[in-house]
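In what follows, chains are A, B, ... by sequence order, proteins preceding strands, each numbered from 1. If you're wondering where the values come from, they're calculated on a predicted model, not measured in any experiment.
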Amino acid sequence: MDDSEYGNEVESKKLPSSKYKGVVPQPNGRWGVQIYEKHRRVWLGTFTEEEEAARVYDIAALRFRGHNAITNFNVSFENDEDYYMEKLFLSSHSKAEIVDMLRKHTYKAELEERKQNYACHGISGESRELLFEKVVTPSDVGKLNRMVIPKQQAEKHFPLYTEIASKGVLMNFEDNSGKVWRLRYCYWSSSQSYVLTKGWSRFVKEKNLKAGDLVCFWRSNVGPNPRLFMDSKPRDGSGFETMGEVRLFGVNILDEPNRDYVANNR
DNA sequence: AGCTGTGTTGAA
DNA sequence: TCAACACAGCTG
């Protein structure tokens with residue numbers, strides 16, 4: 001008898017199965033990773049190490065299916081700050097963004113960068129200076145797609161010079177999850193108002209902002225560059241649940257309804 | 001030329 | 001939903 005039935009893996013055409021979920025063998029000995037969603041396969045890249053591939057699957061599973069997803073390794077450090085940071089990181093990126101990072105092998109680096117950011121600035125605002133808050137009006141959250149910044153606050157914190165006032169400037173704000181919001185800020189001479197325009201309606205929609213809710217603006221001068229922050233607070237909060245402390249743990253931030261996933265082929 | 005990732009199928 | 005298998009087509 002020949003040895004084709006056993007011990008001839010080297011020249012055998014049969015690829016070795018992986019013991020890990022979502023991990024499939026590649027002809028060259030590397031490992032592919034895939035996850036399924038709605039009858040469709042989402043390709044997560046190829047990796048040299050089988051275990052690395054398995055961890056990639058786990059990350060995608062957490063992002064796609066929430067923290068109860070079946071994974072290859074135990075990722076259940078409830079109460080662990082690193083695990084919380086990772087959940088926050090996952091929930092503040094779209095599925096497409098996470099898939100992209102996994103495929104490009106940049107997920108770990110980007111997560112670490114976010115953690116560094118957190119360590120430097122904190123999420124609870126201890127290094128942020130509150131600039132001002134505004135109770136949003138019905139027209140701020142209506143169809144005008146703009147928010148008026150009270151003139152006194154605008155001129156104090158976000159001065160615009162006449163040459164560019166009408167054209168406006170693009171400003172980047174981070175919210176408490178680390179998500180960046182890019183908004184146009186300009187002066188409308190017709191109404192003599194300072195307004196946030198392009199990008200504002202997206203913020204309203206995603207934060208589910210209602211008239212009477214609060215929008216807060218901060219600045220941080222820690223680190224190389226000054227940074228701006230904005231986020232919303234519901235109208236009748238206890239007044240204490242700002243951001244940062246409680247409410248961080250135990251919230252199913254990964255259980256949000258699914259949104260945009262578009263496979264990106266490149 | 002070698003590799004990745006898709007097309008496809010059948011099992012659970 | 002899942003992995004197995006074959007290989008088209010992409011990349012360098």
Against the side chain of A:K14, the closest entry in C:dC2, C:dC5, B:dT4 is C:dC5
Can you figure out which of C:dT1, B:dG5, B:dT4 approaches the side chain of A:N28 most closely? B:dT4
For [X] and [Y], indicate whether the former's side chain and the latter's backbone hold a donor-acceptor pair under 3.5 Å.
| X | Y | result |
| --- | --- | --- |
| A:S139 | A:T137 | no |
| A:R219 | A:L228 | no |
| A:S18 | A:Y20 | yes |
| A:H105 | A:R103 | yes |

Please tell me whether A:W181 and A:F203 form a close aromatic pair, meaning their ring centres lie under 6.0 Å apart.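 They qualify: ring centres under 6.0 Å apart.
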Aromatic contact, A:F217 with A:F132 (centres under 6.0 Å): yes
Anything under 3.5 Å between a donor and an acceptor, one on a side chain of residues 21-34 of chain A, the other on a protein residue two or more places apart or in another chain? List them.
| from | atom 1 | to | atom 2 | distance (Å) |
| --- | --- | --- | --- | --- |
| A:N28 | OD1 | A:R30 | N | 3.3 |
| A:R30 | NE | A:T48 | OG1 | 3.2 |
| A:R30 | NH1 | A:T46 | OG1 | 3.3 |
| A:R30 | NH2 | A:T48 | OG1 | 3.3 |

Looking at [N], I'd like to know if its phosphate oxygens (OP1 or OP2) sit under 4.0 Å from a side-chain N or O belonging to [X].
| X | N | answer |
| --- | --- | --- |
| A:S17 | C:dA3 | no |
| A:K21 | C:dC2 | yes |
| A:R65 | C:dT1 | no |

So A:S18, base contact, sugar-phosphate only, or nothing? Heavy-atom distance under 4.0 Å.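 A:S18: no heavy atom of the nucleic acid under 4.0 Å.
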Identify, residue by residue, the members of residues 47-59 of chain A with a heavy atom below 4.0 Å from DNA chain B, and return them in order of residue number, or none. none
Please state whether the base of B:dG5 and the side chain of A:Q26 form at least one donor-acceptor pair under 3.5 Å? yes
Give me the distances for all protein-to-nucleotides 8-12 of chain B N/O pairs that come in under 3.5 Å?
| from | atom 1 | to | atom 2 | distance (Å) |
| --- | --- | --- | --- | --- |
| B:dT8 | O4 | A:R41 | NH1 | 3.3 |

